Amino acid sequence: MRIGVLALQGAFIEHEKKILECGAETFEIRQRHDIERSFDGLILPGGESTVMGKLLRELELIDPIREYIKSGMGVMGTCAGLILLAEHISDDNTVHIGTMGITVKRNAYGRQLGSFCTNADFKDLGEIPMTFIRAPYIESTSRAEILSTVDKRAVAAREGKQLALAFHPELEEKPLIHEYFLNMI
Ligand code: GLN
């Protein structure tokens, strides 16, 4: 299985390492021609969604990526990647890729709680460690299923082969979520 990792900005190298640990192949998506090869799934990393969205448009990657996802390619978006996938961003008219039926709130935990680690239940995996960095949360869903909540706020959701996480699984010791994603697709 070969997984493309969007490598424009943010925490992409950590995702590549986790995919390799799972025994799958990975490559970086930096330009339009990088997505012309065949691949099985896509990771949209954490970083800054506004910057990534702007670069995706400038590099003419956003429309083909949206079409790949709509035609059934698996995708995992973490943190800023979750924001890129959301069909609505709370208090904002911006839509980036917009393929997932979720409304997200950016920088949702305020300054004090901007970054924190916790353990919480994740559907089918049990309790797992989660690291949040200026994280969004999922305010509501239209189509997606919620997989995990922290302090009554949804932090993970799935819709078909799309997986969105408010936290950073690439920073944990074990590649549990990456295995989950690979099994899912
Ligand atoms: N705050 C960032 C955003 O709004 C997301 C933070 C992250 O990806 N760690 O895009």
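When a ligand or atom number is given, it counts from 1 through the structure's own listing order. Position 1 is the first residue of the sequence; numbering continues from there. As the structure is a computational prediction, the values presented were derived from the model and not from experiment.
Between K174 and E21 the shortest side-chain heavy-atom distance does not fall below 4.5 Å.
At the top of the distance list for atom 7 (C) of ligand 1, counting protein heavy atoms only, stands C79 SG, 2.8 Å.
Under 4.0 angstrom from ligand 1, the non-hydrogen atoms of I83 all belong to its side chain. Only the side chain of N107 comes within 4.0 Å of ligand 1, judged by heavy-atom distances.
Shown in contact with S49 at under 4.0 Å from a heavy atom are these atoms of ligand 1, numbered in order with element: 3 (C), 4 (O), 10 (O). Under a 4.0 Å criterion applied to the non-hydrogen atoms of R106, ligand 1 contributes the atoms 3 (C), 4 (O), 10 (O).
Under the 4.0 angstrom criterion for non-hydrogen atoms, M52 is not in contact with ligand 1.
In E36, the CD atom is crowded: over 12 heavy atoms of neighbouring residues, nucleotides or ligands sit closer than 6.0 Å.
Side-chain atoms of T78 and H15 include a donor-acceptor pair closer than 3.5 Å.
The closest non-hydrogen atom to atom 5 (C) of ligand 1, taken over P136, G47, G46, comes from G47.
If you take CZ on F27 and CD1 on I19, they are separated by 11.5 Å, rounding to the nearest 0.5 Å.
Using a distance-only test at 3.5 Å, with no hydrogens or angles considered, a donor-acceptor pair links the side chain of T26 to the main chain of I3. Judged by distance alone, with hydrogens and angles left aside, the side-chain atoms of R66 form no donor-acceptor pair with the main-chain N or O of Y68 at under 3.5 Å.
At under 3.5 Å, not a single nitrogen or oxygen of T78, backbone or side chain, sits near a nitrogen or oxygen of ligand 1.
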